[in-house]
2 protein chains.
Amino acid sequence: MSRTKARVTLLQEVEEAMRRSSAQGVLYGQTVANVAGIANSDLECMDILYLEGRVTAGRLAEVTGLTTGAITGVVDRLEKAGLVRRERDETDRRKVFIAVVPEKAMKIGELYVPMQQAMEKVWSAYSDEELRLLLRFATEGYKGVLAATAALKGLLDAPPEKRPDLKLKKRPRQT
Amino acid sequence: MSRTKARVTLLQEVEEAMRRSSAQGVLYGQTVANVAGIANSDLECMDILYLEGRVTAGRLAEVTGLTTGAITGVVDRLEKAGLVRRERDETDRRKVFIAVVPEKAMKIGELYVPMQQAMEKVWSAYSDEELRLLLRFATEGYKGVLAATAALKGLLDAPPEKRPDLKLKKRPRQT
DNA sequence: ATATATATCTTAGCCACTAAGAGATTTAGC
DNA sequence: GCTAAATCTCTTAGTGGCTAAGATATATAT
């Protein structure tokens, strides 16, 4: 694959476009939380529950990067809102599974309709083959970002002289 | 464009893959903020400043959906960290432009290197033509999400019976 | 059996956020 | 030009979600 000037420019354009759209995606999420009247983290957990199904409180902490204490708060609020249910694991009674309550959770799902419609509209202009390319890209991109996240976390444990020393505030908790 | 079962499945797969990768992108951002030792919103503002250049405090509030009071806090912290500078507009002395301090901001930029490398690796496998498709998609996707965000916000002002009444907590501020 | 590990919850304190309004400057109406 | 309204940022008080540390309950290992 050549590295002509044109290609470098193209790569930069792709990067910026991706960055913009992903930033706007974040804002959409914030708006959803806003309209639903729940905290951002609460919505994020609902999303994880939607993608992964029934998961333990501990796993929510792991995936979101929040402490278990914070997750207790999240689940308390979601449970009070009727969006999820706590279910003790009968084979290991320390564990608490969090399960969505589909009827209530659907109301949250409805807030994604504008987004889905917008995306539907965009996608409808692409052929099956083009969509497969996008799917491949999204899948590979996910793996890439996952690896990058791990690499970045690695910097925290790396020898101090190797990481950009920003000295902004006391070194925070390392997720 | 046909709507065969295969295509519907394909669309769903694309949607889920996009959702996953974008969720992971959010987590990457959180990790960056974490490593840099600055708040999430602070980083988001740095990102906007990078994309838009020199902008007013008010515009930061607009774009992020935060109140102007919150932005004051963000800019205070960023300024103290030396990442940005406040510059009063001489033609309209009410306005305050926020400008990045490139030398310091670069240190933040370095934290995106793992991400850029990962993306570079992904993109390197695509031809120029394929990249142009991705660019087109990202650009259209951005516009779509932007419109969807506006539509969702519209729900807030819509007749109450039209919006999913979630009754979770007191109706929050509408960005 | 006792000790150690694991999973969740509790508590105290912190910090970013909102809401409301003050201060400073500009624009509009007369 | 002068006053009133509008615009832009900052200030203040109060709220709520978050972390850190440790308590509680259950499971596993020696």
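Proteins get letters first, then strands, A, B, ... in listed order; numbering begins at 1 in each.
Taking the ring axis of Tyr112(A) as reference, the NZ or CZ atom of Arg19(B) stays within 45° of it and closer than 6.0 Å to the ring centre.
Gln30(B) places its CD atom 14 Å from the C1' atom of dG17(D), with the value rounded to the nearest Å. Distance, Glu87(A) CD to dA7(C) P: 18 Å, rounded to whole Å. Whole-Å rounding puts the Lys95(B) NZ to dG23(C) P distance at 23 Å. Between Leu66(B) atom CG and dC10(D) atom C1' the separation is 15 Å, expressed in whole Å. For the pair Ile71(A) CD1 and dA20(D) P, the interatomic distance rounds to 14 Å; values are reported in whole Å. Distance, Glu44(A) CD to dG17(D) P: 15 Å, rounded to whole Å. Atom CG in Asn40(B) sits about 11 Å away from atom P in dA16(C), given to the nearest Å. The distance from atom CG of Asp76(B) to atom C1' of dA16(C) is 12 Å, rounded to the nearest whole Å.
The pair Glu62(A)-Arg59(A) meets the salt-bridge criterion, since a charged nitrogen lies less than 4.0 angstrom from a carboxylate oxygen. No salt bridge links Arg20(B) with Asp47(A); every basic N to acidic carboxylate O contact stays at or beyond 4.0 Å. Salt bridge status for Lys95(A) with Glu87(A): absent, with no side-chain N to carboxylate O gap under 4.0 Å. Salt-bridge annotation for Arg86(B) and Asp76(B): present, with a side-chain N of the basic residue lying under 4.0 Å from a carboxylate O of the acidic one.
The side chain of Thr67(A) contributes no N or O atom lying less than 4.0 Å from OP1 or OP2 of dC18(D). Between Thr72(B) and dT11(D) there is no side-chain N or O to OP1 or OP2 distance below 4.0 Å. The phosphate of dT8(C) (OP1 or OP2) has no side-chain N or O of Arg59(A) nearer than 4.0 angstrom.
Residue contacts shown for Ala70(B) include a base, since a base heavy atom lies under 4.0 Å away. Contact annotation for Gly69(B): base contact, defined as any heavy-atom pair under 4.0 Å involving a base atom.
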Give the intermediate values and the outcome of salt bridge (Lys or Arg N to Asp or Glu O under 4.0 Å) for residues Glu79(A) and Arg85(A). CA-CA 6 Å; Glu79(A) 193 171 41; Arg85(A) 236 193 328 260; over 6 Å; no

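In this structure, of dT18(C), dT8(C), dG17(D), it is dG17(D) that holds the atom nearest to the side chain of Arg77(A).
Atom-to-atom distance recorded for Leu135(A):CG and Asp128(A):CG is 11.5 Å, nearest 0.5 angstrom.
Each of Gly73(A) and Thr68(A) was matched to the nucleotide of DNA chain D holding its nearest heavy atom; the match closer to the 5' end belongs to Gly73(A).
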I'd like a list of close polar pairs between nucleotides 24-26 of chain C and the protein, N/O only, cut-off under 3.5 Å.
{"from": "dT26(C)", "atom 1": "OP1", "to": "Arg93(B)", "atom 2": "N", "distance (Å)": "3.2"}

